[in-house]
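Reviewing the structure listed below.
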Amino acid sequence: MKKILLFSFFLMLGLVVSQFLPAMVGEGYSSVKTVSNTLLYVCLAFIMINVGREFEMDKSCWRSYTEDYFIAMATAAFPWIFVALYYMFVLLPDIYWNSGEAWKENLLLSRFAAPTSAGILFTMLAAAGLKSSWVYKKVQVLAIFDDLDTILLMIPLQIMMVGLRWQLGVIILIVMGLLIIGWRKMGSYDMRQDWKAILFYAVLTCGITQAVYLVSKYFYGEDASIHIEVLLPAFVLGMVMRHKHIDTKVEHNVATAVSFLFMFLVGVSMPVFFGVDFAAQSAEATTITGAQPMMSWPVIILHVVIVSFLSNIGKLFPLFFYWERRKRERLALSIGMFTRGEVGAGIIFIALGYNLGGPALMISVLTIVFNLILTGIFVVWVEKLTRSAYELEQAGK
């Protein structure tokens with residue numbers, strides 16, 4: 001529980017810093033933002049490499065994972081759809097309901113609600129002593145799959161945002177190539193996997209993706225540049241490693257520190273909300289979401305509660321499958337998928353790159369914070385349901 005509260009604390013601390021940073025650094029703000037964003041991408045790559053390392057499948061029995069993948073995809077899709085509809089029909093005036101631009105922006109921004117935080121979830125369930133349970137083993141598969149689905153769906157969403165250009169065709173080919181390599185070479189390479197090596201791989205991955213962007217920008221300009229998000233390359237790099245379990249205190253501490261730094265930097269990357277003339281900002285905004293007037297804090301908090309409820313209701317999809325297991329186990333599995341964290345925050349950071357903002361952005365950030373605070377309660381709930389199902393099984397009921 002302490003770790004989850006610290007995740008929320010660092011995200012909120014970053015949000016506070018983001019409000020005062022421009023005034024504190026003055027003309028050097030642009031350089032500070034560049035350094036901050038670079039560190040954020042390195043942290044995100046570090047996290048996604050570790051998520052990829054956890055992705056283990058028996059390729060000889062790949063058909064057995066088909067049902068799991070579609071359940072995970074739906075478990076990621078329903079929260080996303082519910083939140084997107086809420087953003088469209090509740091947060092936006094009815095004049096935008098038929099606007100293709102408004103739909104594109106909200107479909108991208110609301111995607112933060114889709115991914116389960118695999119790293120947080122696995123750590124807390126293991127600490128609760130559930131590592132040998134069916135719930136832990138099944139949620140491990142579903143959480144990794146819905147993170148993967150989130151990463152893949154970002155590609156068509158980004159195509160929607162910038163249009164179908166030849167550069168996006170190049171990106172699609174690169175993505176397909178990465179997926180093929182990840183599948184064929186899964187667990188093939190015996191690579192160093194201590195925290196220093198993972199950090200080096202993360203820096204290298206970010207460097208390569210940034211180099212592709214800068215070279216294409218130099219030849220074709222900003223609008224026609226090739227920008228490959230670091231999420232998928234880092235994940236595939238983790239996939240091709242032959243997983244080594246390095247269970248030491250130093251490894252845990254470094255991984256936790258990187259996650260804390262990532263959440264802080266996500267907060268720092270947020271636009272300034274306090275002391276801003278929102279009326280003037282809305283008039284200058286280039287996106288529909290960014291042009292919406294800011295709401296009062298009580299109204300924002302109400303929306304955060306509703307959006308949290310909608311996103312978690314959507315995560316209950318696994319409850320209606322795996323009928324061979326007890327209802328308590330299926331409910332525990334679904335509640336385990338409620339956890340949010342690094343990947344969802346990464347989606348919000350990507351959305352910022354498209355100048356999406358306004359009250360929907362603030363609601364999205366605070367929803368992640370709210371769900372992080374509730375994660376301890378979710379895990380305790382999962383533990384009680386799983387243990388009660390096990391006791392019933394032992395009693396032969």
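All figures in this text were calculated on a predicted structure; none of them were measured in a lab. These numbers come from the heavy atoms of this one structure, side chains and all, not from hydrogens, waters or symmetry mates.
- Val35 and Leu261 fall within the same hydrophobic cluster, where Ile, Leu, Val, Met, Phe, Trp and Tyr residues are linked whenever their side-chain heavy atoms come under 4.5 Å apart, directly or through other members.
- Nearest heavy atom pair, residue Ser311 against residue Ala113, reads CB-CB, 3.9 Å.
- Residue Phe46 comes nearest to Ala202 through the heavy atom pair N-CB, 3.6 Å, listed as atom of the first residue, atom of the second, then distance.
- A donor-acceptor pair under 3.5 Å is absent between the side-chain atoms of Trp381 and the main chain of Ala332, judged by distance alone.
- How far CZ of Phe317 is from CG of Leu333: 12.0 Å, rounded to the nearest 0.5 Å.
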query: Step by step, would you call Met186 with Val240 a side chain to side chain contact (heavy atoms under 4.5 Å, CB included)?
result: CA-CA 4 Å; Met186 186 187 303; Val240 301; over 6 Å; no

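- Checking side-chain atoms of Glu329 against main-chain N and O of Arg326 turns up a donor-acceptor pair under 3.5 Å.
- Note: Leu316 CG to Arg330 CZ = 12.0 Å, rounded to the nearest 0.5 Å.
- Taking hydrophobic clusters as Ile, Leu, Val, Met, Phe, Trp and Tyr residues chained together by side-chain heavy-atom distances below 4.5 Å, Ile335 does not share a cluster with Trp323.
- Residues Arg53 and Phe235 are not in side-chain contact: their nearest non-hydrogen atoms beyond the backbone lie 4.5 Å or more apart.
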message: With side chain to side chain contact (heavy atoms under 4.5 Å, CB included) as the criterion, how do Phe112 and Val307 come out once you've worked through the C-alpha distance, each side chain's angles and the decisive distance to 0.1 Å?
response: CA-CA 11 Å; Phe112 85 92; Val307 169; 4.2 Å; yes

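- Asp194 meets the side chain to side chain donor-acceptor pair (under 3.5 Å) test with Arg192; sequence neighbours excluded.
- Going from atom OH of Tyr201 over to atom NZ of Lys196 covers 13.5 Å, rounded to the nearest 0.5 Å.
- No donor-acceptor distance shorter than 3.5 angstrom exists from the side chain of Gln292 to the backbone of Ala360, with no hydrogens or angles considered.
- At a threshold of 4.5 Å between side-chain heavy atoms, the hydrophobic network of Ile, Leu, Val, Met, Phe, Trp and Tyr places Ile301 and Leu310 in two separate groups.
- No chain of hydrophobic side-chain contacts below 4.5 Å, direct or via other Ile, Leu, Val, Met, Phe, Trp or Tyr residues, connects Val305 to Leu361.
- Applying the salt bridge (charged side-chain N to carboxylate O under 4.0 Å, His left out) rule to Glu101 yields the partners Lys104; only residues at least two apart in sequence or on another chain are considered.
- Here the closest non-hydrogen pair linking Ile300 and Leu366 is CG2-CD1, 3.9 Å.
- Residues Asn312 and Pro79 are not in side-chain contact: their nearest non-hydrogen atoms beyond the backbone lie 4.5 Å or more apart.
- A 6.0 Å sphere centred on CH2 of Trp103 holds more than 12 heavy atoms belonging to other residues, nucleotides or ligands.
- The shortest distance between side-chain heavy atoms of Val17 and Phe264 falls below 4.5 Å.
- The structure places CG of Leu204 at 11.5 Å from CG of Leu199, a figure rounded to the nearest 0.5 Å.
- Not one N or O on the side chain of Thr367 forms a donor-acceptor pair closer than 3.5 Å with the backbone of Ser308.
- In this view, Glu67 satisfies the side chain to side chain donor-acceptor pair (under 3.5 Å) rule with no residue, not counting sequence neighbours.
- Residues in residues 297-317 take part in these salt bridge (charged side-chain N to carboxylate O under 4.0 Å, His left out) pairs, two or more places apart or across chains: Asp146-Lys315.
- Looking only at side-chain heavy atoms (C-beta outward), Glu251 and Trp195 come within less than 4.5 Å of each other.
- Judged by distance alone, with hydrogens and angles left aside, the side-chain atoms of Glu105 form a donor-acceptor pair with the main-chain N or O of Thr289 at under 3.5 Å.
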message: Determine whether Cys206 and Thr38 satisfy the following criterion, side chain to side chain contact (heavy atoms under 4.5 Å, CB included), listing intermediate values before the conclusion.
response: CA-CA 8 Å; Cys206 290; Thr38 301; over 6 Å; no

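- Side-chain atoms of Ser36 never come within 3.5 Å of backbone atoms of Lys33 as a donor-acceptor pair (strictly under, hydrogens ignored).
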task: Give the C-alpha distance, both sets of side-chain angles, the deciding distance and a yes or no for side chain to side chain contact (heavy atoms under 4.5 Å, CB included) between Asn37 and Leu265.
output: CA-CA 8 Å; Asn37 290 348; Leu265 291 172; over 6 Å; no

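- Residues Leu237 and Met191 have side chains in contact (heavy-atom distance under 4.5 Å, counting atoms from C-beta outward).
- A 4.5 Å side-chain heavy-atom check between Tyr322 and Lys138 finds at least one atom pair inside the cut-off.
- Residues Ile180 and Met241 do not share a hydrophobic cluster, clusters being chains of Ile/Leu/Val/Met/Phe/Trp/Tyr side chains in contact below 4.5 Å.
- Side-chain contact between Arg328 and Thr386 is absent, with no heavy atoms from C-beta onward closer than 4.5 Å.
- Side-chain contact between Leu107 and Trp80 is present, with heavy atoms from C-beta onward closer than 4.5 Å.
- The salt bridge (charged side-chain N to carboxylate O under 4.0 Å, His left out) analysis of residues 255-269, with sequence neighbours excluded, yields no pairs.
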With a cut-off of 3.5 Å and sequence neighbours excluded, list every side-chain donor-acceptor pair involving residues 82-96.
from	atom 1	to	atom 2	distance (Å)
Tyr86	OH	His303	ND1	2.7
Tyr87	OH	Ser364	OG	2.7

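- Within the model, atoms CG of Leu319 and CZ of Phe321 stand 10.5 Å from one another, a figure rounded to the nearest 0.5 Å.
- Note: Ser334 OG to Phe378 CZ = 12.5 Å, rounded to the nearest 0.5 Å.
- For the pair Thr256 (side chain) and His252 (backbone), a donor-acceptor distance under 3.5 Å is present.
- Heavy atoms of other residues, nucleotides or ligands lying less than 6.0 angstrom from CG of Asp190 number more than 12.
- Taking both residues in full, the closest heavy atoms of Leu178 and Val236 are given as O-CG1, 3.4 Å, listed atom of the first, atom of the second, then distance.
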